[in-house]
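Lettering follows sequence order; numbering is per chain, from 1.
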Amino acid sequence: MTPSAFALLDWYARQRRVLPWRALAGQTADPYAVWLSEIMLQQTTVVTVMPYFERFLKHYPTIEDLAHAPLQEVLAAWAGLGYYSRARNLHACAQQVAAIGAFPRSVEGLQALPGIGAYTARAIASIAFAVPVVPVDGNVERITARLHAVDAPLPGARKHLDRLAASLNLDPAAQEAPGDFTQALFDLGAGICTPRRPSCLVCPWREPCKAHASGDPARFPVRAPRKVRPERYGVVFRLVDRQGAVWLRHRPATGLLGGMAELPGTAWQDDPVAIEAALQAAPVALSMADDLTWKVAGQIRHVFTHFGLNLTVIAVQMDDFGPLHNQEGFACPHDALGKQALPSVMQKCLALPA
DNA sequence: AACTCGTGGAT
DNA sequence: TATCCAAGAGT
């Protein structure tokens, strides 16, 4: 039995979510809003994205506004959302599109832009330009793996699932409403065909679903076991002057937290750092003997995708930043911290009570 | 193909 | 507390 696009679209017409970037029924979606939301939603939940999306659209009403903004300002607006290459590519993409004059309307044209891969190109093309393609995200992978009870584990089975997902689009009803079909798949995955406890009883695709027939739909998709997450350690210095300004520096433009602001500190290494050794990495002269000028504020733990980070925060109260005149970095007034591109890990360090 | 690249909420 | 995992992309 083959899943009916009509059944899904009929369900969607009644159950569709209202989302800020989504056009109302019968209306055309704004490509800028669709693109912006798709980039933000990469590996990120709807609830998390919502306030960021609203803020961006208010601050950058058009893609030209975004294109003309300084990268640091965009990174600051993105701070806390994670995967900061998305923000860098977002900015670069905005500049390219602004230069061209409009978004390309084809999958190939879209995918040639920075930050837009196979999934996002198809999502934008189908939702904003009614191109009959099926973007394969985690939702569609899960739905497809369940429809066909695919036993092969992800991520190896991805190609196979891609082909199965594309076959969903053979149904003429799907091709007549590409945007609705795509978003119906998202809503089905988010609300019915959920990872842990799918609501098969109210699923429009219950009948053709082999996973449902198996009696244990939550077993799909099968995933390969993930490897252990290593731990890393470091020490950062929270230098504060009498006015409450904080000494910050910028990280390299690419790589982990690329272009973001941070507290100065040691490199992050595989073993815990001895305080005495760490003091050598401070931007100002600190010694174990002279421990009236500094104290250990505490420790923060932060989990990245591929390692856990343990940072010791050393608070240093200074009269002024004079001794830092030839150091890399800059003084940030306390009331300007909110405008800095500070990632969550550094927000934690700053929030630690002295 | 396998890694890198964030974060927070749910379970 | 530990694990999962959310509208993935780039290398």
Need one value for [X]: base, sugar-phosphate or nothing, where a base atom within 4.0 Å counts as base even if backbone is also close, heavy atoms only.
X      : answer
A:R158 : nothing
A:L81  : base
A:G189 : nothing
A:R229 : nothing
A:S37  : nothing
A:V140 : nothing
A:L185 : nothing
A:L19  : base
A:W21  : base
A:P135 : nothing

Examine distances only and state if a side-chain atom of [X] and a backbone atom of [Y] form a donor-acceptor pair shorter than 3.5 Å.
X      : Y      : result
A:N169 : A:P132 : yes
A:W205 : A:A5   : no
A:H325 : A:G322 : yes

Between [X] ([atom1]) and [N] ([atom2]), how many Å, whole number?
X      : N      : atom1 : atom2 : result
A:I124 : C:dA7  : CD1   : P     : 16 Å
A:M260 : B:dT4  : CE    : C1'   : 17 Å
A:Q43  : C:dG10 : CD    : C1'   : 13 Å
A:Q347 : B:dG6  : CD    : P     : 15 Å
A:N139 : C:dC4  : CG    : P     : 19 Å
A:D137 : C:dA7  : CG    : P     : 6 Å
A:E38  : C:dA7  : CD    : P     : 10 Å
A:Y52  : C:dA7  : OH    : P     : 18 Å

Can you list the steps and then say if A:F304 with A:H302 is a ring pair (Phe, Tyr, Trp, His ring centres under 6.0 Å)? CA-CA 7 Å; A:F304 291 102; A:H302 189 79; 4.8 Å; yes
Kindly point out which of [options] is positioned nearest to the side chain of [X]?
X      : options              : answer
A:T305 : C:dG8, B:dC5, B:dG8  : B:dC5
A:R226 : C:dC4, C:dG8, C:dA7  : C:dC4
A:R223 : C:dC5, C:dA7, C:dA9  : C:dC5
A:N89  : C:dA7, C:dG10, B:dT7 : C:dG10
A:R196 : B:dT11, B:dG8, B:dG6 : B:dT11

So does [X] get a side-chain nitrogen or oxygen closer than 4.0 Å to the phosphate oxygens (OP1/OP2) of [N]?
X      : N     : answer
A:S344 : B:dT7 : yes
A:H302 : B:dT7 : yes
A:H306 : B:dT4 : no
A:T182 : C:dA7 : no
A:Y84  : B:dT7 : yes

Any N/O donor-acceptor pair, A:T44 side-chain to B:dG8 base, under 3.5 Å: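 Answer is no: no donor-acceptor pair is held.
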For nucleotides [N] and [M], find the distance between their [atom1] atoms and express it as a whole number of Å.
N      : M     : atom1 : answer
B:dC5  : C:dA6 : C1'   : 15 Å
B:dA1  : C:dA9 : C1'   : 15 Å
B:dT11 : C:dA7 : P     : 15 Å

Would you call [X] and [Y] a salt bridge, taking side-chain N to carboxylate O under 4.0 Å as the test?
X      : Y      : result
A:D65  : A:K58  : no
A:R122 : A:D162 : no
A:D10  : A:R14  : yes
A:R16  : A:D187 : no

If you pin A:K227 and A:P343 to their nearest nucleotides in DNA chain B, which one's is more 5'? A:K227
Would you kindly compare A:R22 and A:I116 by the position of their nearest DNA chain C nucleotide and give the one closer to the 5′ end?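 On the 5' side of the pair lies A:R22.
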Taking for each residue the nucleotide of DNA chain C with the nearest heavy atom, is it A:P114 or A:T45 whose nucleotide lies nearer the 5' end? A:T45
